[in-house]
Amino acid sequence: MEKKVLCRVDSGLETLVRVVGLLKRKRFEVRSVNMEEIKNSNFSNLEIILKDEFNLGFEQAIKQMEKLVSVHDVTEIN
């Protein structure tokens, strides 16, 4: 099963690496990543498509991402 997650994050490659690295450590398969800078701000929209191979629960992935300092908002999109 795949889900799309949209996050508002701090701009920069470090944030992208931190979020994707967290998801890989938690055994989620990252299918797609798209990061777009929000004009006139220090934030970016990070869109991630996840596949949950081990039935860990997408809610768990969202909770883990919300704990990161550089992530400000996480929303599941369907």
Side-chain angles (χ1 to χ4, degrees):
M1 182 169 164
E2 290 186 352
K3 294 273 185 176
K4 186 184 291 188
V5 178
L6 180 65
C7 308
R8 187 171 54 101
V9 299
D10 292 341
S11 292
L13 184 59
E14 300 85 21
T15 301
L16 176 64
V17 171
R18 197 171 292 129
V19 171
V20 172
L22 169 79
L23 293 170
K24 292 301 261 179
R25 282 191 308 275
K26 299 297 180 180
R27 301 180 68 183
F28 285 94
E29 184 177 338
V30 177
R31 298 291 231 171
S32 173
V33 175
N34 183 27
M35 188 172 190
E36 295 180 11
E37 190 174 25
I38 300 172
K39 295 189 188 245
N40 301 323
S41 75
N42 294 327
F43 300 110
S44 294
N45 285 326
L46 178 60
E47 183 180 289
I48 304 170
I49 298 177
L50 294 174
K51 182 175 181 183
D52 186 6
E53 282 185 32
F54 301 103
N55 295 319
L56 301 171
F58 291 103
E59 297 80 22
Q60 183 65 22
I62 291 171
K63 286 178 185 177
Q64 292 295 321
M65 285 188 284
E66 288 173 337
K67 291 180 182 179
L68 293 174
V69 172
S70 54
V71 176
H72 301 284
D73 187 35
V74 181
T75 307
E76 183 180 325
I77 300 174
N78 284 337

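Computation of the quantities below employed the complete heavy-atom set of this structure, encompassing side-chain atoms and omitting hydrogens, waters and symmetry-equivalent molecules.
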(message) Out of the candidates L68, L13, L23, only one should pair with R18 under the side-chain contact (heavy atoms from CB on, under 4.5 Å) rule; please name it.
(response)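 The option that passes is L68.
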
(request) Examine the side chains of N34 and E36 and answer whether a donor and an acceptor come within less than 3.5 Å of each other. (result)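 Indeed, the side chains of N34 and E36 share at least one donor-acceptor pair under 3.5 Å.
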
(request) Find out whether M35 and V9 are in side-chain contact, i.e. whether some heavy atom of one side chain is under 4.5 Å from a heavy atom of the other. (result)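 A side-chain contact exists here, since the closest heavy-atom pair is under 4.5 Å.
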
(message) Measuring only between side-chain heavy atoms, which start at C-beta, is D10 closer than 4.5 Å to F43?
(response)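 Heavy-atom side-chain distance check passes, below 4.5 Å.
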
Rounded distance (nearest 0.5 Å) linking atom [atom1] of [X] with atom [atom2] of [Y]:
X: K63; Y: E66; atom1: NZ; atom2: CD; result: 9.0 Å
X: H72; Y: T15; atom1: NE2; atom2: OG1; result: 7.5 Å
X: N45; Y: S11; atom1: CG; atom2: OG; result: 9.5 Å

(message) If hydrophobic clusters are built from ILVMFWY residues whose side chains come within less than 4.5 Å, do V74 and V69 share one?
(response)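 In one cluster: no.
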
(request) Check the hydrophobic clustering (I, L, V, M, F, W, Y; side-chain heavy atoms under 4.5 Å; chains of links allowed) and say if I62 and V30 are grouped together. (result)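 Yes; V30 is reachable from I62 via cluster members.
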
(message) Which residues pass the side-chain contact (heavy atoms from CB on, under 4.5 Å) test with I49, not counting sequence neighbours?
(response)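 Partners of I49 by the side-chain contact (heavy atoms from CB on, under 4.5 Å) criterion, ordered by chain and then number, come out as E2, K4, R31, S32.
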
(request) Could you please spell out the steps behind the side chain to side chain contact (heavy atoms under 4.5 Å, CB included) verdict for K67 and L22? (result) CA-CA 11 Å; K67 291 180 182 179; L22 169 79; over 6 Å; no

(request) With side chain to side chain contact (heavy atoms under 4.5 Å, CB included) as the test, would you mind laying out the steps for I77 and V5 before giving the verdict? (result) CA-CA 6 Å; I77 300 174; V5 178; over 6 Å; no

(request) Quick one: do M65 and C7 satisfy side chain to side chain contact (heavy atoms under 4.5 Å, CB included)? Show the steps, please. (result) CA-CA 9 Å; M65 285 188 284; C7 308; 4.0 Å; yes

(request) Look at the aromatic rings of F28 and F58 and report parallel, tilted or perpendicular, splitting at 30° and 60°. (result)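 F28 vs F58 ring planes: tilted.
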
